[in-house]
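A short worksheet on the structure shown next.
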Amino acid sequence: MAAPKKPSTPTKTTAPPDPMPPEAGAGIAYHQALNPAQLEAVRFGDGPLLVLAGAGSGKTRTLTYRVARLVEEGVDPRSILLLSFTRKASQEMLQRASLLLDARCRDVAGGTFHSFANATLRRYAAVIGFEQGFTIIDRGDAEDLIGIIRKEMDPPGDGRQLPRKSTLATIFSRAVNKQRPLEDVLYDDYGHFSDMVDTITTIREQYTRRKREHHFLDYDDLLIHLHLLLTEYEAVRQRLAAKYRYIMVDEYQDTNPIQADIVSLLADAHHNVMVVGDDAQSIYAFRGADYQNILDFPKRFQGTRIVKLEENYRSLQPILDFTNRLIESADAQYSKCLFTRRHGGLPPVLVMTAGENAQSRYVVREVARLRREGTSLDRMAILFRAGFHAFDLELELNRAGIPFKKVGGFKFTESAHIKDLLAHLRIVAAPDDQLSWRRVLGLIEKIGPKTADRIFAAVRAHSQGAGGLLSAPLKMKNQAKLQPLKDLIGALTDAPEAVARWGELVFSYYLPILRAKYDDHPRRQRDLEQLLAIMARYRHLDDFLSDMVLEPPSTAIEDGLAAAEPTAECLTLSTIHSAKGLEWDTVFILWALDGRFPSMRSMEDPDDLEEERRLMYVAATRAERELHFTCPVQIFDRATQSLLCDPSRFLDGIPENVLRRENYPDW
DNA sequence: GTGGAAGGGTTTTTT
DNA sequence: ACCCTTCCAC
């Protein structure tokens with residue numbers, strides 16, 4: 001049970017040095033910083049360009065240098081649009097480009113598809129019939145609204161129930177993202193509900209109608225409306241195409257048909273479009289992404305130049321030997337084989353453990369060992385398929401006193417107390433927001449959904465915004481209960497627009513409610529204080545509220561630690577989806593157990609199974625030096641009533657010299 | 001109408 | 001573990 005040893009001599013990295021600010025007046029040293037393929041992409045002039053970038057091949061570096069290069073050549077930074085997967089990723093690229101060149105690079109327009117859609121739609125809101133603006137609703141809000149409609153519908157009558165609200169939301173979203181009729185999605189993916197197609201269609205019509213009534217846009221609507229704006233309003237499309245003369249898209253393999261269309265529409269006039277991605281790392285099929293999208297790019301744009309980045313700068317050779325093998329045995333033929341000049345190190349290890357808790361103890365033991373040997377916790381990550389897969393490990397890490405942050409899974413802004421506080425601000429910002437009124441009023445004793453809706457209707461009829469609550473005619477017994485809330489709204493509407501001040505007013509109103517409602521209120525109160533700190537960074541309430549939906553802080557703990565002790569080192573726990581694009585010295589992949597990874601559900605459909613394999617590939621290629629898989633055995637699977645005992649089928653047939661096997665504890 | 005308690009059926013991944 | 005429904009007391 002020898003654990004992988006650190007290589008005795010530090011491995012020499014052949015990766016180009018990190019970008020440094022150029023000497024005053026000197027140009028950027030492209031030749032020293034980039035390999036020939038990267039250089040070709042960076043120096044590519046006008047026209048369509050497809051960069052197929054393997055894992056760890058310097059994709060971000062290439063995009064960063066190309067931005068700097070364009071700006072250096074005199075392109076107006078505001079005419080460059082850089083769409084990437086997370087806002088953090090695009091900010092980092094622009095920051096690095098600024099270091100290479102100068103601060104002009106910060107003026108590059110960038111963000112996620114959704115944040116770009118938000119910004120654009122705000123500018124053209126009147127064109128698409130949102131004269132009074134709009135509120136972006138997150139998944140939870142969407143489900144609440146669907147839940148209200150669902151409850152109003154007649155039950156099917158045969159004793160069965162309609163799909164739960166979260167399932168309905170998934171069905172509706174899938175139909176949009178895959179651009180398929182609702183009926184087809186139901187028939188293919190939810191066969192057991194396909195006979196309710198009429199009722200479900202009605203629910204969706206109602207959902208669409210009410211979103212419009214309340215000026216709500218959900219995540220999908222942002223893309224739909226942007227697409228609509230570009231297709232239906234030729235003048236707008238021309239203006240946007242003239243404004244953004246260079247389009248760049250990161251992680252193009254994860255775009256869905258609407259997003260790919262949006263890119264085409266924007267680039268149609270000039271064809272100056274560069275997309276970067278890796279078909280082998282496409283892991284968002286569940287929301288409509290199709291790796292075929294990136295392979296079809298040259299068909300959309302005639303004369304596309306294709307550049308392949310195949311040299312890996314991240315991982316040691318034994319890790320690449322393994323990951324190449326993993327992706328080679330895929331059914332689909334992906335387009336590359338990676339190589340590296342980083343030698344040394346041991347092959348990855350697969351560790352069989354006697355159950356889930358043994359898995360957790362193995363990870364804790366190894367993390368402690370690595371730390372003793374000098375690896376910072378910041379350089380290690382634990383990756384897993386789904387958020388709840390790490391629950392047991394979290395307990396063990398707490399017991400061992402190892403600090404960690406968890407990324408992915410449940411979000412800060414999804415917890416009830418955060419949503420409560422935001423709802424108070426939302427009714428002021430958007431008085432038509434019935435969902436937020438329900439939430440705010442429902443917090444008051446003896447007010448439930450019915451009373452809340454009545455009060456909402458009265459306020460709305462008064463059409464004075466949230467202040468309508470102060471003058472709307474209400475029943476006497478409601479008047480008294482509502483007095484504190486009225487005082488709050490009065491204070492909010494009187495105070496000048498200062499986001500942080502409003503946050504404090506709501507906080508002091510909400511604190512007694514929080515204390516009465518939750519036993520664990522001290523922890524939640526700390527979260528709220530974090531939220532207030534975040535609010536202080538904003539000048540406009542609308543921006544704050546939009547950001548909380550589009551790019552919420554990934555974890556409460558992360559921000560807590562970052563704020564309190566920015567230097568404290570910290571282990572990362574992450575879903576594989578949230579780990580995309582990141583890298584660590586040492587990576588642990590949990591639950592490499594057939595039935596968990598791949599999951600039972602994915603085994604019926606070859607396409608789903610392929611995506612699981614790509615997911616494992618993404619996880620494994622995050623590692624630079626050490627890679628551990630753990631496989632707890634004898635796990636009972638309730639869905640199939642069977643005992644799971646075998647390692648992931650993706651690891652079958654990989655020889656011992658590529659993947660070592662161990663048992664923990666020895667048995 | 002509200003609020004609490006009890007019991008049966010379902011659990012990925014993200015903007 | 002959580003959602004959703006149902007049932008019952010106020």
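What you see is a predicted model; the values in this text were computed from it and never measured. Chain identifiers are assigned alphabetically (A, B, ...) following the order of the sequence lines, protein sequences preceding nucleic acid strands; residue numbering begins at 1 within each chain.
Counting only N and O atoms by type, the side chains of A:S173 and A:R139 include no donor and acceptor under 3.5 Å apart. A:T630 and A:Q359 are linked by a side-chain donor-acceptor pair at a separation below 3.5 angstrom, with hydrogens and angles left out of the test. Between the side chains of A:T575 and A:S578, at least one donor N or O lies within less than 3.5 Å of an accepting N or O.
Between A:R601 and B:dT13 there is no side-chain polar atom (N or O) within less than 4.0 angstrom of OP1 or OP2. Taking side-chain N and O atoms only, A:K165 has a distance below 4.0 Å to OP1 or OP2 of C:dC4. Taking only side-chain nitrogens and oxygens, A:R150 comes nearer than 4.0 Å to OP1 or OP2 of C:dT5.
Of the candidates C:dC4, B:dT15, B:dT12, C:dC4 carries the atom nearest the A:R164 side chain, counting heavy atoms from C-beta on. Side-chain proximity of A:R385 to the nucleotides B:dT15, B:dT12, B:dG1 is greatest for B:dT12. When distances are taken from the side chain of A:A386 to each of B:dT14, B:dT13, C:dT5, the shortest belongs to B:dT13.
Heavy atoms of A:G387 sit under 4.0 angstrom from primed sugar atoms or phosphate atoms, though from no base atom. Within 4.0 Å of A:T112, counting heavy atoms only, lie sugar-phosphate atoms of the nucleic acid but no base atom. Within the 4.0 angstrom heavy-atom criterion, no nucleotide atom of any strand lies near A:E611. Here A:Y284 lies in heavy-atom contact (under 4.0 Å) with sugar-phosphate atoms only.
Atom CD1 in A:I171 sits roughly 14 Å away from atom P in B:dT10 (whole-Å rounding). Counting to the nearest Å, the P atom of B:dT13 and the OH atom of A:Y219 are 14 Å from each other. Remark: P of B:dT11 and CZ of A:R596 are 14 Å apart, rounded to the nearest angstrom. Atom-to-atom, CG of A:L590 to C1' of B:dT12 comes out at 15 Å; the value is rounded to the nearest Å. Whole-Å rounding puts the A:K450 NZ to B:dG3 P distance at 14 Å. Atom C1' of nucleotide B:dT14 and atom CD of A:E251 are separated by 13 Å, given to the nearest angstrom. Going from atom CG of A:L162 over to atom P of C:dC3 covers 18 Å, rounded to whole Å. Taking atom CG of A:L383 as the reference point, atom C1' of B:dT13 lies 13 Å away to the nearest angstrom.
Remark: A:T575, A:H577, A:S578 in residues 575-584 of chain A come within less than 4.0 Å of DNA chain B through at least one heavy atom.
For A:E414 and A:G448, each mapped to the nucleotide of DNA chain B holding its nearest heavy atom, the one lying further toward the 5' end belongs to A:G448. Of the residues near DNA chain B, A:S115 and A:P449, the one whose nearest nucleotide (by heavy atom distance) lies more toward the 5' end is A:P449.
Once the 5.5 Å centre distance and the 30° plane angle are applied, the aromatic ring of A:F286 is found stacked with the base of B:dT13.
Atom CZ of A:R212 has 12 or fewer heavy atoms from other residues, nucleotides or ligands within 6.0 Å.
Listed by chain and residue number, A:D218, A:D221 satisfy the side chain to side chain donor-acceptor pair (under 3.5 Å) test with A:K211 (two or more places apart in sequence, or in another chain).
Taking the ring centroids of A:F130 and A:F216, they lie at or beyond the 6.0 Å cut-off. Remark: aromatic rings of A:H577 and A:Y284 are close, center separation under 6.0 Å.
In terms of heavy-atom proximity, A:L266 sits nearest to A:I247 at CB-CD1, 3.8 Å.
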